[in-house]
Amino acid sequence: MDTILSNAASGMRARMESLDMLANNLANASTGGYKSDREFYNLYVAAEAGGDASDGNGLPTQPLIEKHWIDYSQGQLHQTNNPLDAALDGAGFFAVNGPGGPLYTRNGSFRVNANGVLVTSDGYPLRTADGTTVQLASQNPIDIQSDGTVVQDGQAVGQLAVVDFPDRSAIDKQGLNYFVNIDPKLTPQASTAVVHQGHLEDSNAAAPELAVRLISVMRQFESLQKAVSVASDMNKSADELARVNG
């Protein structure tokens with residue numbers, strides 16, 4: 001009976017993690033440039049897992065989420081006609097100056113701050129290919145070319161730094177729409193992604209798919225709850241029978 005309880009409890013814990021992850025993805029289904037979190041399931045194999053051996057090698061197993069991973073697949077681009085919006089078509093990120101150092105984002109909803117600097121919606125200055133920021137000379141419209149070059153009044157005022165990482169395991173999420181380089185030995189490289197002015201990239205979290213998955217995981221969780229209840233009742237019955245026979 002303990003095997004049923006142990007495996008069901010482990011399965012419930014894994015489904016609770018999935019529910020949290022799916023709920024967060026669903027909440028960001030309309031967040032521009034958002035990249036979904038996903039899970040990779042596996043079995044925990046060890047003597048302390050408890051229960052009967054089930055891995056074929058004499059060791060007990062329990063279900064678990066081995067790791068989370070980020071789905072970097074391209075979101076759809078939609079036209080906004082706002083000249084300060086920009087979307088990336090292809091692999092890569094806009095580089096920005098965050099509070100603690102460089103950050104990277106797919107959200108191209110930009111604005112101009114009071115000092116004439118091109119910044120993200122959170123106020124972080126965009127980095128240029130040469131490590132500076134985009135300083136605009138006037139309030140006149142700007143043209144963002146496909147390679148990220150920003151032109152105002154017929155003059156190039158900077159080229160947006162669009163970079164990528166050969167090893168995506170070297171970056172991790174920071175907040176909703178930013179990524180940070182967690183491997184100081186890895187240097188971001190120039191990306192070949194095409195910049196589309198007047199467009200934004202949608203979240204790659206599809207609300208209909210997430211809703212179906214959320215219902216499925218909730219049903220799995222409910223089934224495991226019933227298994228725990230049944231196993232608990234069986235344990236109580238076994239204990240009562242042992243007392244009677246004892």
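- Side-chain contact of T105 with N107: a donor-acceptor pair under 3.5 Å is absent, judged by distance alone.
- Rounded to the nearest 0.5 Å, atoms CG (L19) and CG (N24) are 12.5 Å apart.
- Rounded to the nearest 0.5 Å, atoms CZ (R111) and CG (L118) are 10.0 Å apart.
- In Q145, the CD atom is crowded: over 12 heavy atoms of neighbouring residues, nucleotides or ligands sit closer than 6.0 Å.
- D202 is not listed as a side-chain neighbour of L77, based on a closest heavy-atom distance of 4.5 Å or more.
- Using a 4.5 Å cut-off on side-chain heavy atoms (C-beta onward), L136 and I142 make contact.
- Smallest separation of non-hydrogen atoms from S109 and L200: N-CD2, 3.5 Å.
- Note: S18 OG to D37 CG = 11.5 Å, rounded to the nearest 0.5 Å.
- For the side chain to side chain contact (heavy atoms under 4.5 Å, CB included) test with D172, the passing option among D183, N181, I70 is I70; the others fail.
- Looking at N28, its side chain never comes within 3.5 Å of a backbone N or O of T31 through a donor-acceptor pair.
- Counting only heavy atoms from C-beta outward, the side chains of V194 and H196 approach each other to under 4.5 Å.
- For the pair S191 (side chain) and A91 (backbone), a donor-acceptor distance under 3.5 Å is present.
- L126 and V117 are assigned to two separate hydrophobic clusters, defined by single-linkage of ILVMFWY side chains at heavy-atom distances under 4.5 Å.
- Between T133 and N97 the shortest side-chain heavy-atom distance falls below 4.5 Å.
- With T80 contributing its side chain and G198 its backbone, the two residues share a donor-acceptor pair below 3.5 Å.
- Looking at Q159, its side chain never comes within 3.5 Å of a backbone N or O of V150 through a donor-acceptor pair.
- Under a 3.5 Å cut-off, the side chain of Q135 and the backbone N or O of N115 do form a donor-acceptor pair.
- Side-chain contact of H199 with D85: a donor-acceptor pair under 3.5 Å is absent, judged by distance alone.
- Note that CD1 of I182 and OG of S169 are 7.0 Å apart. Values are rounded to the nearest 0.5 Å.
- The closest side-chain donor-acceptor pair between N81 and Q79 falls under 3.5 angstrom.
- Among all heavy-atom pairs drawn from K35 and G75, the shortest one is NZ-N, 3.7 Å.
- A ring-ring contact (aromatic ring centres under 6.0 Å, His included) check over residues 134-162, counting only residues at least two apart or in different chains, returns nothing.
- Hydrophobic clustering keeps V151 apart from V112 (ILVMFWY residues linked when any side-chain heavy atoms are closer than 4.5 Å, directly or through intermediates).
- Remark: D143 CG to D153 CG distance equals 11.5 Å, nearest 0.5 Å.
- For R106 (side chain) and L88 (main-chain N/O), a donor-acceptor pair under 3.5 Å exists by modelled atom type.
- Heavy atoms from other residues, nucleotides or ligands lying under 6.0 Å from CZ of R168 number more than 12.
- Looking only at atom types and distance, the side chain of S36 has a donor-acceptor partner in the side chain of N204 under 3.5 Å away.
- Note on L160: it does not cluster hydrophobically with Y104, by side-chain heavy-atom contacts below 4.5 Å among ILVMFWY residues.
- Every residue two or more places apart in sequence or in another chain was checked for a ring pair (Phe, Tyr, Trp, His ring centres under 6.0 Å) with Y34, and none qualifies.
- No donor-acceptor pair under 3.5 Å is formed between the side chain of E201 and the backbone N or O of Q74.
- Nearest heavy atoms, S203 versus S30: CB-N, 4.5 Å.
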| field | Full working for salt bridge (Lys or Arg N to Asp or Glu O under 4.0 Å) between D71 and R38 | value | CA-CA 7 Å; D71 179 3; R38 295 186 180 270; 3.3 Å; yes
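- Here the side chain of N177 pairs a donor or acceptor atom with the backbone of G32 at under 3.5 angstrom.
- Under a hydrophobic-cluster definition in which Ile, Leu, Val, Met, Phe, Trp and Tyr are linked whenever side-chain heavy atoms come within less than 4.5 Å, directly or via other members, V119 and V180 are assigned to different clusters.
- Follow the hydrophobic side-chain contacts under 4.5 Å out from F94 and you reach V157 in the same cluster.
- Between P166 and L186, the closest heavy-atom pair is CG-CD1, 4.1 Å.
- Listed by first then second residue, pairs satisfying ring-ring contact (aromatic ring centres under 6.0 Å, His included) with a partner in residues 166-187 read Y72-F179, F93-F179, Y124-Y178, not counting sequence neighbours.
- The backbone N or O of S146 sits nowhere less than 3.5 Å from a side-chain atom of Q197 that would complete a donor-acceptor pair.
- Counting only heavy atoms from C-beta outward, the side chains of I144 and T149 never approach each other to under 4.5 Å.
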